[in-house]
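Since we're looking at a predicted model, the values are computed, not measured.
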Amino acid sequence: MENKILVETSARHVHLTKEAVAALYGEGAELTVKKMLSQPGQFATGNEKLKLVGPKGEMMVSVLGPTRPANQVELSFTDARALGLKAVPVRESGDVAGTPGIKLVGPAGEIDIDEGCIIAKRHIHMTPADAEGLGVTNGEVVKVLVKSDRTTIFDDVVVRVSPSYALAMHIDTDECNAAAAFGEIYGEIVK
C-alpha cells in the first residue's frame, strides 16, 4: 500500500446531543445536512450555527452531525485563548471528562455545558485494511511527514482504526497554518 494520507484541517466546531439540539434550536429540531464530510456518516450542518460565549470573548461555530451521546466543542489553542478558556486539554474525540465548559447560544435558547471543550489530538482515521497495509495498529502513536512550503513532521499522531472510517489525517487550524498544509495535501507515516 502506498504511504500517502490525505491531511484535512478541522476548524472549530461543535458536536451536540439530541437534548442540546432541542434546547438550542427548538423542540423537534433536527440537524440538517449541508455537506457530507470525508468520514462516512458525518456531515456539516446547513442552518445550524451557534455562538460560543467564553469569559473573554465569543465566536460563531459550525455544528457537525449526527448527534452524539455528549456535547463536545473542538477548538484550536488560538480559539481557546480568544474565548478566555484556560487549561483546555489536548484530548481524543469523546474524552471530555474534566474539561472546561462553555455557554452555547442558539436561535431558540442557550445552555451552559459543564464540560466538553477540547483541543482535538491529531489523528489518522483508517480502515483495518489501511492499517494492515501501512503496518500500524489501532491506538498506535506515529509520526507523519507533511511536505509543503513549511515541511513538518507531526509527532504524537494517534491511529484510529474502524471499518466505518475513511483514510484521512485530521489536524486543527493552528497546526495547518504552522505547516502551511493548505489545499489538497498529503502526509506519510515515518518511523
For residues [X] and [Y], determine if any side-chain heavy atom of one lies less than 4.5 Å from a side-chain heavy atom of the other.
{"X": "Val157", "Y": "Val159", "value": "no"}
{"X": "Leu85", "Y": "Ile102", "value": "yes"}
{"X": "Met59", "Y": "Asp79", "value": "yes"}
{"X": "Lys51", "Y": "Val53", "value": "yes"}
{"X": "Leu134", "Y": "Ile5", "value": "yes"}
{"X": "Val88", "Y": "Phe77", "value": "no"}
{"X": "Ser148", "Y": "Ile185", "value": "yes"}
{"X": "Thr99", "Y": "Arg91", "value": "yes"}

Quick check against the 3.5 Å criterion: does Ser162 have a side-chain atom that pairs as donor or acceptor with the backbone of Arg160?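 No: the side chain of Ser162 does not pair with the backbone of Arg160.
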
Would you tabulate the side-chain donor-acceptor contacts of residues 106-121 under 3.5 Å, counting partners in other chains and residues two or more places apart, or write 'none'?
residue, atom, partner, partner atom, Å
Glu110, OE2, Lys103, NZ, 2.9
Glu115, OE1, Gly98, N, 2.9
Lys121, NZ, Asp156, OD2, 3.1

Stepwise, does the side chain to side chain contact (heavy atoms under 4.5 Å, CB included) test hold for Tyr165 with Gln39? CA-CA 6 Å; Tyr165 288 158; Gln39 295 309 305; 3.6 Å; yes

Honestly curious: do [X] and [Y] fall in one hydrophobic cluster under the side-chain, below-4.5 Å linking rule?
{"X": "Val33", "Y": "Tyr25", "answer": "yes"}
{"X": "Val144", "Y": "Leu167", "answer": "yes"}
{"X": "Val96", "Y": "Val73", "answer": "no"}
{"X": "Leu6", "Y": "Met126", "answer": "no"}
{"X": "Met169", "Y": "Leu64", "answer": "no"}

Residues Glu188, Lys4: salt bridge by 4.0 Å N-O rule: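 No, this pair does not count.
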
Output, in order, the C-alpha distance, side-chain angles, deciding distance and verdict of side-chain hydrogen bond (donor to acceptor under 3.5 Å, both in side chains) for Arg122 and Ser10. CA-CA 10 Å; Arg122 54 183 89 104; Ser10 183; over 6 Å; no

Quiz question: by atom type and distance under 3.5 Å, do the side chains of [X] and [Y] form a donor-acceptor pair?
{"X": "Glu74", "Y": "His15", "result": "yes"}
{"X": "Ser76", "Y": "Arg81", "result": "no"}
{"X": "Tyr186", "Y": "Glu184", "result": "yes"}
{"X": "Thr78", "Y": "Asp174", "result": "yes"}

After noting the C-alpha distance and the side-chain angles of Phe43 and Leu31, does the key distance pass the side chain to side chain contact (heavy atoms under 4.5 Å, CB included) rule? CA-CA 9 Å; Phe43 59 91; Leu31 299 178; 4.0 Å; yes

Go through the steps to decide whether His13 and Val61 satisfy the test side chain to side chain contact (heavy atoms under 4.5 Å, CB included), and finish with yes or no. CA-CA 5 Å; His13 63 272; Val61 294; 5.7 Å; no

Going from [atom1] on [X] to [atom2] on [Y], what distance comes out if it is rounded to the nearest 0.5 angstrom?
{"X": "Lys34", "Y": "Asn47", "atom1": "NZ", "atom2": "CG", "value": "9.5 Å"}
{"X": "Thr17", "Y": "Asn71", "atom1": "OG1", "atom2": "CG", "value": "4.0 Å"}
{"X": "Ile171", "Y": "Thr152", "atom1": "CD1", "atom2": "OG1", "value": "8.5 Å"}

Between Thr137 and Val161, is the side chain to side chain contact (heavy atoms under 4.5 Å, CB included) condition met? List the steps. CA-CA 7 Å; Thr137 58; Val161 180; over 6 Å; no

Neighbour count >12 (heavy atoms, 6.0 Å) for atom CD, Glu30: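 Not more than 12 within 6.0 Å, no.
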
